[in-house]
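We name chains A, B, ... by the order of the sequence lines, and we start the count at 1 in each one.
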2 protein chains.
Amino acid sequence: MVEIKNSLPMQDTQTTEQKIIEAAKSVFIEKGFDGARMQYIADRAGINKASLHYYYRSKEKLFDTIFIEAFNDFMPKVSLIIASGSSLFDIIRAFCAHYIDGLMKHPHLPVFVLHELSRRPEKVIEMLRKTGIKPQMMNTIIEKEVSESKIIEINYKHLIINIISLCVFPFVGRPVVQGFFFGGDTEEYSRFLEERKNKVADFIINAIKK
Amino acid sequence: MVEIKNSLPMQDTQTTEQKIIEAAKSVFIEKGFDGARMQYIADRAGINKASLHYYYRSKEKLFDTIFIEAFNDFMPKVSLIIASGSSLFDIIRAFCAHYIDGLMKHPHLPVFVLHELSRRPEKVIEMLRKTGIKPQMMNTIIEKEVSESKIIEINYKHLIINIISLCVFPFVGRPVVQGFFFGGDTEEYSRFLEERKNKVADFIINAIKK
DNA sequence: TAATAATTTTACCATTCGGTTAAATCATCT
DNA sequence: AGATGATTTAACCGAATGGTAAAATTATTA
């Protein structure tokens, strides 16, 4: 709402607005919309609850801001990878590596986004439009490889969803998977995820190559 | 708490307890723990809110009951399929078909379970133990096929997680995927899921066969 | 039928939560 | 300094929510 002039004696490096966003993000992602408390967000930001409302009139408004940011973090920047002009196999490899890597830095993102997505599915379509991502782009590449007989015939929708499934699910299902296969050992699970960057790509390529 | 004698003039086929469980299940799965309201559950069960507390002292207690049931619905009965003594490929085919089919009947289950799992991960380990499922069982089968050179070398953990990922994710990410690839068309998406029963199995088998 | 136990309902309570008001504080500009 | 506008704070509000007490009703048993 108001620009802060960064004059010399700046005690706090963060503006109040930044502190709010950071706090709200962590609380919403941790607790979900219904579980999050405005008071708790204010506490974590180190400000008064009324100040919170001063910047973001309502919980909904604050949430929307956070959600858009989280959603964009969650959606991989696939267009950049595609634009590189690489082969399909290299695109798949780059995608898996980048996406899993990104999620490892924000492991709670998938659960948050997917849960809140189900809560208000209407908003999704609108947000998806804004990303500008078109499945068509991938379709073109895949169809070409199919017609050149480099890969088996496969519906591009299935392929894309398969790729995303294999990357995302281990984060959504982390508590189950980690508890089940790794006796709850977090570090071992991290190594496992790290391993998946290549293993998932290999798996996919194996499944579609001729 | 008390058995109801099914004497002849039984107006309502369901006992109050059954009505509560059914209502609570649908509400919790729809709204999550924080989003669910006891009043709303009572309404949907067609009873008084105080009656709800008469049967289940607290929201927590009621939720636990529901969650255990939902969790068991969510966890596929894989031991039955394995016990059939079929080949690995047939096990994979049967698993995908059964699991996707089961989830199609309860499409909201995955989001609910996975979200509440992240909310209280401690409970998971305990519940997993109770299922009696041991990843070892699958490991034995997979190792055997590997040593017989019927499939490529693959870490059984990756393989199992891949299988589950491909089956579950389209339900967790439904709003995104459906909105993105199918313009929100529910029926078309159902057909797509139906198709996946076979396509996913084919994909996996292709990826691991020699 | 009378007594006893189980169930349901009404009315209510304490707390929590999102949000507001208005006063106080701080920064900026003239 | 004094005026003006931005920001922060304390105190508060009304609605909603989980939960309870006790009366009313409905079986069940003796």
Side-chain angles (χ1 to χ4, degrees), chain A residues 1-67 116 119-120, chain B residues 1-67 116 119-120:
Chain A
M1 220 120 253
V2 164
E3 288 304 310
I4 272 144
K5 300 240 178 73
N6 202 339
S7 48
L8 281 180
M10 186 80 169
Q11 285 286 76
D12 222 330
T13 10
Q14 279 181 313
T15 66
T16 306
E17 220 159 350
Q18 285 174 319
K19 284 193 283 183
I20 290 174
I21 291 294
E22 203 175 277
K25 202 169 180 175
S26 72
V27 173
F28 275 132
I29 286 175
E30 223 172 82
K31 311 266 187 182
F33 180 83
D34 293 317
R37 300 285 162 249
M38 292 299 269
Q39 184 61 62
Y40 193 47
I41 294 173
D43 289 350
R44 190 168 286 191
I47 59 162
N48 192 286
K49 191 179 60 149
S51 272
L52 198 54
H53 280 91
Y54 176 75
Y55 282 92
Y56 297 89
R57 300 271 171 76
S58 69
K59 191 181 179 183
E60 292 280 353
K61 281 225 163 57
L62 179 57
F63 180 80
D64 282 357
T65 309
I66 298 303
F67 187 74
E116 296 303 332
R119 222 176 55 94
R120 290 191 301 173
Chain B
M1 222 119 256
V2 163
E3 288 304 311
I4 271 142
K5 300 241 178 72
N6 202 339
S7 47
L8 280 179
M10 186 81 171
Q11 286 285 74
D12 221 329
T13 10
Q14 279 182 314
T15 67
T16 306
E17 218 159 351
Q18 285 174 319
K19 284 192 282 184
I20 290 175
I21 291 294
E22 203 175 277
K25 201 168 181 175
S26 72
V27 173
F28 275 131
I29 286 175
E30 223 172 81
K31 310 267 186 181
F33 180 83
D34 293 317
R37 299 286 160 250
M38 293 298 270
Q39 183 61 62
Y40 193 47
I41 294 173
D43 288 350
R44 190 169 287 191
I47 60 161
N48 191 287
K49 190 178 62 149
S51 273
L52 197 55
H53 281 90
Y54 175 76
Y55 283 91
Y56 298 88
R57 301 270 171 77
S58 69
K59 193 182 179 183
E60 292 280 353
K61 280 224 165 56
L62 178 57
F63 180 80
D64 282 357
T65 309
I66 298 304
F67 187 75
E116 297 302 332
R119 223 176 55 94
R120 289 191 301 172

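- Between Y56(A) atom OH and dG18(C) atom C1' there is a gap of 18 Å when expressed in whole angstrom units.
- Taken to the nearest 0.5 Å, the CD1 atom of I66(A) stands 4.0 Å off from the CD1 atom of I21(A).
- Among all heavy-atom pairs drawn from H53(A) and R57(A), the shortest one is CD2-O, 3.1 Å.
- At whole-Å resolution of the value, CD1 in I20(A) and C1' in dT8(D) are 11 Å apart.
- A close approach under 4.0 Å does not occur between any side-chain nitrogen or oxygen of Y54(A) and OP1 or OP2 of dG19(C).
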With 3.5 Å as the limit, what N/O pairs link the protein to nucleotides 24-27 of chain C?
none

Could you list the donor-acceptor pairs under 3.5 angstrom formed by side chains in residues 26-33 of chain B, with sequence neighbours left out?
from, atom 1, to, atom 2, distance (Å)
S26(B), OG, A23(B), O, 2.9
S26(B), OG, R44(B), NH1, 2.9

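- In this view, R120(B) and E60(B), D64(B) satisfy the salt bridge (Lys or Arg N to Asp or Glu O under 4.0 Å) rule, not counting sequence neighbours.
- As a whole-Å value, the separation of K31(B) NZ from dT17(D) C1' is 15 Å.
- At the phosphate of dT8(C), OP1 or OP2 sits under 4.0 Å from a side-chain N or O atom of T16(B).
- The main-chain N or O of A36(B) is found under 3.5 Å from a side-chain atom of K59(B) such that the two form a donor-acceptor pair.
- Under the side-chain contact (heavy atoms from CB on, under 4.5 Å) criterion, E22(B) pairs with Q14(B), sequence neighbours left out.
- Per the geometry, CG belonging to L52(B) stands 12 Å off P belonging to dT9(C), to the nearest Å.
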Open item on the list: Evaluate I41(A) against L62(A) for side-chain contact (heavy atoms from CB on, under 4.5 Å), listing each step before the verdict.
Closed with: CA-CA 11 Å; I41(A) 294 173; L62(A) 179 57; 4.2 Å; yes

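- Comparing dG18(C), dT7(C), dG19(D) against the side chain of Y55(B) picks out dT7(C) as the nearest.
- For K25(B), the side-chain hydrogen bond (donor to acceptor under 3.5 Å, both in side chains) partners are E69(B), D73(B), not counting sequence neighbours.
- Under a 3.5 Å cut-off, the side chain of S51(A) and the backbone N or O of Y54(A) do not form any donor-acceptor pair.
- Distance, K59(B) NZ to dA16(D) C1': 12 Å, rounded to whole Å.
- Remark: A36(B), R37(B), M38(B), K49(B) in residues 33-49 of chain B come within less than 4.0 Å of DNA chain D through at least one heavy atom.
- Residue S51(A) has its side chain nearest to dT9(D) when only dT8(C), dT20(C), dT9(D) are considered.
- Atom NE2 in H53(A) sits roughly 4 Å away from atom P in dG19(C) (whole-Å rounding).
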